[in-house]
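Hydrogens, waters and symmetry mates play no part in the numbers below; they use all other heavy atoms, side chains included. As the structure is a computational prediction, the values presented were derived from the model and not from experiment.
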Amino acid sequence: MKKVFQSFLVASFAALIFAGTVYGQAPSVTHGNSQLAKGVDAAAQPLGAGNKPHNDSFVIGNDDMLSINVWKEPDITRSIPVRSDGKISLPLVGEVQAAGRTPLQLETEITARLRAYIAAPEVTVMVQQINSEKFNILGQVVKPGAYSLTSGTTVLDAIATSGGFRDFAKKKDIYVLRQGPNGEVSRLAFNYSDVIKGKHAEENIALKPRDTVVVP
């Protein structure tokens with residue numbers, strides 16, 4: 001009788017272990033399948049218009065470098081600069097006005113023209129390099145003039161880009177002229193001698209398009 005009872009306990013214990021193993025694995029298998037299904041659904045969804053990789057707030061200008069991509073049309077896809085007259089030329093499209101438009105507006109125009117030759121053209125326009133936004137630096141620097149403005153260009157960057165100071169530059173009296181939205185002009189002081197010593201770092205502002213750095 002004792003042996004029968006021991007055998008019963010062993011069998012019951014084994015059954016509990018098996019049931020616990022199956023129960024513990026089942027949720028992970030189901031969870032895995034659920035995640036896989038979600039991944040397949042996400043991959044199957046096409047990119048919407050809001051996900052196109054370009055900035056619709058930027059206005060294209062002369063000399064900007066554009067990347068024109070037409071899906072499955074390598075003869076039209078290319079990088080192209082905006083000419084001084086504000087236009088670009090593409091096969092099948094011809095001349096089209098680019099300057100003064102956003103990338104999305106230009107994309108819409110190119111798409112409309114290509115429909116005469118391609119059933120369902122898919123066009124993407126991106127600004128590859130901004131050359132139209134410029135700043136000026138005048139006065140006692142080696143190379144005064146207008147320079148392309150890249151993101152984050154500061155007053156110190158502008159001085160370095162222009163070749164540095166001439167011998168009699170008044171480094172403490174530099175200023176930036178900035179035109180506001182209503183046409184008013186503000187004058188922002190910049191003391192080079194202080195800034196390079198770590199003082200008044202806030203004077204080393206990031207330049208905006210059409211800012212003029214004056215070095216007396």
Side-chain angles (χ1 to χ4, degrees), residues 46-139 141-165 176-181 183 185 188 204-215:
L47 288 175
N51 293 325
K52 288 180 179 178
H54 56 49
N55 179 4
D56 189 37
S57 64
F58 177 77
V59 177
I60 298 167
N62 295 354
D63 301 324
D64 286 342
M65 181 65 70
L66 305 180
S67 175
I68 314 291
N69 185 281
V70 184
W71 190 55
K72 289 187 176 181
E73 297 293 338
D75 292 337
I76 306 176
T77 296
R78 63 192 59 199
S79 294
I80 187 170
V82 180
R83 302 195 309 253
S84 58
D85 61 359
K87 297 181 179 181
I88 60 172
S89 296
L90 292 170
L92 302 182
V93 176
E95 288 195 346
V96 58
Q97 182 69 30
R101 293 182 168 184
T102 67
L104 184 57
Q105 289 171 333
L106 180 58
E107 184 177 292
T108 302
E109 173 73 14
I110 294 172
T111 301
R113 294 195 184 192
L114 285 176
R115 286 198 184 102
Y117 307 97
I118 302 171
E122 294 185 22
V123 181
T124 301
V125 175
M126 290 189 294
V127 181
Q128 197 170 48
Q129 184 175 341
I130 299 173
N131 298 319
S132 58
E133 294 185 341
K134 299 181 183 295
F135 70 89
N136 303 302
I137 183 164
L138 306 174
V141 291
V142 176
K143 297 178 181 178
Y147 292 89
S148 295
L149 180 64
T150 57
S151 177
T153 298
T154 64
V155 181
L156 282 178
D157 294 330
I159 294 169
T161 300
S162 65
F165 298 113
V176 178
L177 296 177
R178 175 171 292 173
Q179 187 171 350
V185 177
L188 309 172
N204 189 31
I205 59 173
L207 297 178
K208 294 183 178 181
R210 296 181 298 279
D211 276 357
T212 300
V213 180
V214 180
V215 182

Could you walk me through whether V96 and I88 pass the side-chain contact (heavy atoms from CB on, under 4.5 Å) check?
CA-CA 6 Å; V96 58; I88 60 172; 3.4 Å; yes

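- A heavy-atom distance below 4.5 Å is not found between the side chains of L104 and V125.
- No donor-acceptor distance shorter than 3.5 angstrom exists from the side chain of Q179 to the backbone of P181, with no hydrogens or angles considered.
- The OG1 atom of T154 sits 4.0 Å away from atom CG of N204, with the distance rounded to the nearest 0.5 Å.
- E95 and S89 make their closest contact through CG-OG, 3.3 Å (heavy atoms, listed as atom of the first residue, atom of the second, distance).
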For L106 and L66: C-alpha separation, side-chain torsions, deciding distance, then whether side-chain contact (heavy atoms from CB on, under 4.5 Å) applies.
CA-CA 11 Å; L106 180 58; L66 305 180; 3.6 Å; yes

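- In this structure the side chain of F58 reaches within 4.5 angstrom of the side chain of D64, judged on heavy atoms.
- When side chains are defined from C-beta on, P91 does not count as touching E73, because their heavy atoms never get closer than 4.5 Å.
- The side-chain heavy atoms of T212 and I137, taken from C-beta on, include no pair separated by under 4.5 Å.
- Here K134 contributes atom NZ and T150 contributes atom OG1; the two are 11.5 Å apart, rounded to the nearest 0.5 Å.
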Report the C-alpha distance between L90 and R78 in whole Å, list the side-chain angles of each, state the deciding distance to 0.1 Å, and finish with yes or no for side-chain contact (heavy atoms from CB on, under 4.5 Å).
CA-CA 9 Å; L90 292 170; R78 63 192 59 199; 3.7 Å; yes

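- Side-chain contact between I76 and I118 is present, with at least one heavy-atom pair separated by less than 4.5 Å.
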Please step through side-chain contact (heavy atoms from CB on, under 4.5 Å) for the pair D211 and N136, ending with a clear verdict.
CA-CA 6 Å; D211 276 357; N136 303 302; over 6 Å; no

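- Using a 4.0 Å cut-off between charged side-chain N and carboxylate O, R83 and D85 make a salt bridge.
- Atom-to-atom distance recorded for M65:CE and M126:CE is 13.5 Å, nearest 0.5 angstrom.
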